[in-house]
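Okay, structure first, notes after.
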Amino acid sequence: ADHKEELTSSIKSEGSGRVSLSGSGSTDSGRHDSAHDARWPRQNSLTMKEWDIPYDELKLFEKIGTGRFGTVYRGSWHGAVAVKLLHVNALSDHSVPLDTFKHEVATFRKTRHENLVLFMGACMKPPRLAIVTSLCKGMTLYTHIHLRKDKFTANKSVIVAQQISQGMGYLHARGIIHKDLKTKNIFLENGKVVITDFGLFSVTKLCFGNKRSARGDSLGIPPGWLCYLAPELVRALRPHASLHLPFSKTTDVYAFGTVWYELLCGEYPFKGQPPEAIIWQVGKGVKQSLANMQASRDIKDILMLCWSYRSTERPDFPHLLSTLEKLPRKRLARSPSHPVHLSRSADS
Ligand code: ADP
Ligand code: MG
């Protein structure tokens, strides 16, 4: 049976004119292949080929933006797509990062959920490493909240938070930790939440991890990232070593708390404070004060639970979802029909 698989593998890779993922002919990853095969069942590497997109088949149009991971382009591959080209200049000693990249791509293809961006495939031939997803049409929550200063009513915030909890609950049930949940990675398409960039964090850090980030400070902290980090992550921050941060499902829940705060308050927690001050406070268990926040007790309780200093005290997403569903809705949605009701009852 082994031999047969071998054969299928070589036929497939010849057919596409590309090097198979676990192929021994690859000069880029050849050195580590036996170790790679031992950790990866052969069947897995074969099925992954279905998600391997030849770089030449992709059409790239304008640049949408640049993030920590790489550069995102609007592209075309059987329709409109977003292509995230990873910065691979740091991958001169390929094998280990490439393995990680493949591994992360393998987790992507397990995701099918309304509130998660559609993963379409990846280019995995160094130096061309790219991730292809559906193109999100709306704006990110970040753009809504911080750039356009759109106000989210409590009701709308709850609806958005419920959808985030659904998507995140699904990811966690699949054993995937997002590691970079933030308003910049949450799109709103006609009222529907679409979460992007789950599980990609290690790849970014593989590309940037050992270098001084041009955009961050000496700890490699990009602006706007810190307030999503749970105390245990903040305490583990070391210069240029964020790859080894102890991310977990509960650190995703902490980050969700910050998103919930942004939705309700229209700004980041610890707004205007320098990174050192935020690190010191969060590391000590000091939270952003909610004294000036106009919201019900229930709503603030969710925030405080998600931001719990002890990770074990943070709720999980199914629990958050049911809490959000139980929140009393303001009469907003019903108010237009209210007078009608009144006149009816007056009639009878
Ligand atoms: P960040 O998430 O920190 O903004 P990214 O590299 O993930 O950095 O994204 C760069 C830009 O590309 C952002 O403006 C982001 O909104 C946009 N973008 C990322 N993924 C998609 C997508 N699937 N559809 C549309 N735009 C996207
Ligand atoms: Mg992103």
Side-chain angles (χ1 to χ4, degrees), residues 51 53 58-90 101 104-105 107-109 111-123 128-148 150 160 163-164 167-168 171 176-190 192-209 213-217 220-229 242 245 247 252 255-256 258-259 262 268:
W51 304 96
I53 299 176
L58 285 175
K59 279 204 198 84
L60 295 189
F61 305 126
E62 80 276 6
K63 192 194 273 191
I64 303 176
T66 302
R68 270 180 294 149
F69 299 115
T71 307
V72 179
Y73 292 86
R74 189 172 68 82
S76 174
W77 190 70
H78 305 289
V81 293
V83 180
K84 182 161 279 191
L85 273 189
L86 301 181
H87 298 141
V88 284
N89 45 347
F101 179 67
E104 298 200 328
V105 165
T107 61
F108 271 127
R109 55 185 189 122
T111 58
R112 291 159 180 270
H113 190 279
E114 262 227 277
N115 301 117
L116 300 181
V117 75
L118 176 69
F119 168 72
M120 297 180 72
C123 303
R128 304 261 187 233
L129 295 187
I131 289 179
V132 182
T133 64
S134 59
L135 185 72
C136 299
K137 279 162 223 92
M139 285 176 280
T140 62
L141 281 184
Y142 171 83
T143 303
H144 278 293
I145 295 171
H146 300 285
L147 301 182
R148 294 170 47 109
D150 293 339
V160 168
Q163 295 183 57
I164 299 171
M168 289 302 299
L171 272 186
I176 300 170
I177 301 169
H178 191 303
K179 300 182 182 175
D180 200 18
L181 184 64
K182 55 179 185 178
T183 46
K184 282 186 176 178
N185 282 336
I186 304 170
F187 281 82
L188 207 50
E189 286 185 342
N190 296 319
K192 191 180 86 173
V193 162
V194 178
I195 302 170
T196 66
D197 286 342
F198 28 89
L200 263 183
F201 192 81
S202 325
V203 166
T204 40
K205 289 301 151 185
L206 288 164
C207 299
F208 285 104
S213 163
R215 290 163 12 105
D217 60 13
I221 301 168
W225 182 50
L226 205 50
C227 57
Y228 295 103
L229 295 188
S242 36
L245 290 177
F247 288 105
D252 277 352
F256 169 85
T258 299
V259 171
E262 290 173 74
Y268 284 121

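Keep in mind that the numbers below use all heavy atoms, side chains included, and drop hydrogens, waters and symmetry copies. Just so you know, ligand 1 is whichever comes first in the structure, and atom 1 is the first atom listed for that ligand.
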When rounded to the nearest 0.5 Å, the distance separating CG of L118 from CZ of R112 is 8.5 Å

For the atom pair CD (E262) and OG1 (T183), what is the distance rounded to the nearest 0.5 Å?
3.5 Å

Give yes if a backbone or side-chain nitrogen or oxygen of K182 is under 3.5 Å from a nitrogen or oxygen of ligand 1, and no if not.
yes

Just wondering, do M168 and F256 contact through their side chains at under 4.5 Å, heavy atoms?
no

Quick look: T71 vs ligand 1, heavy-atom contacts under 4.0 Å, and the answer is neither

When you compare ligand 1 with C136, is there at least one nitrogen or oxygen pair between them that comes in under 3.5 angstrom?
yes

Straight-line distance of R128 CZ to L86 CG, nearest 0.5 Å:
12.0 Å

Could you list the atoms of ligand 1 found under 4.0 angstrom from a heavy atom of S134?
23 (N)

For ligand 1, is any non-hydrogen atom under 4.0 Å from A82's backbone (N, CA, C, O), its side chain (CB onward), both, or neither?
side chain

D180, V117, V72: member with heavy atom nearest to atom 10 (C) of ligand 1:
V72

Can you tell me how far apart OG1 (T258) and CG (L181) are? Round to the nearest 0.5 Å.
9.0 Å

Could you pull out all residues at least two apart from T111 that satisfy side chain to side chain contact (heavy atoms under 4.5 Å, CB included)?
L116, Y170, L171, I176, F198

Which ligand 1 atoms does D197 reach within 4.0 Å, using its non-hydrogen atoms?
2 (O), 7 (O)

Ligand 1 versus T133: contacting region, heavy-atom distance under 4.0 Å:
side chain

Is there any N or O on T66 that sits under 3.5 Å from an N or O of ligand 1?
no

OD1 (N185) - the Mg ion (ligand 2) - OD2 (D197) angle, nearest 10°
90°

Within the side chain of D252, is there an N or O that forms a donor-acceptor pair under 3.5 Å with the backbone of I177?
no

Atoms in ligand 1 flagged as close to T140, the criterion being non-hydrogen separation under 4.0 Å
16 (O)

Counting C-beta onward and ignoring hydrogens, is there a side-chain heavy-atom pair between D180 and Y228 closer than 4.5 Å?
no

State if R74 counts as touching ligand 1 under the rule of any non-hydrogen atom under 4.0 Å.
no

So if I apply the side chain to side chain contact (heavy atoms under 4.5 Å, CB included) rule between L188 and each of K137, Q163, H144, which one comes out positive?
H144

Just let me know how Y142 lines up against ligand 1, side chain, backbone, both or neither, with a heavy-atom cut-off below 4.0 Å.
neither

Regarding ligand 1, does N185 bring an N or O atom to under 3.5 Å of one of the ligand's N or O atoms?
yes

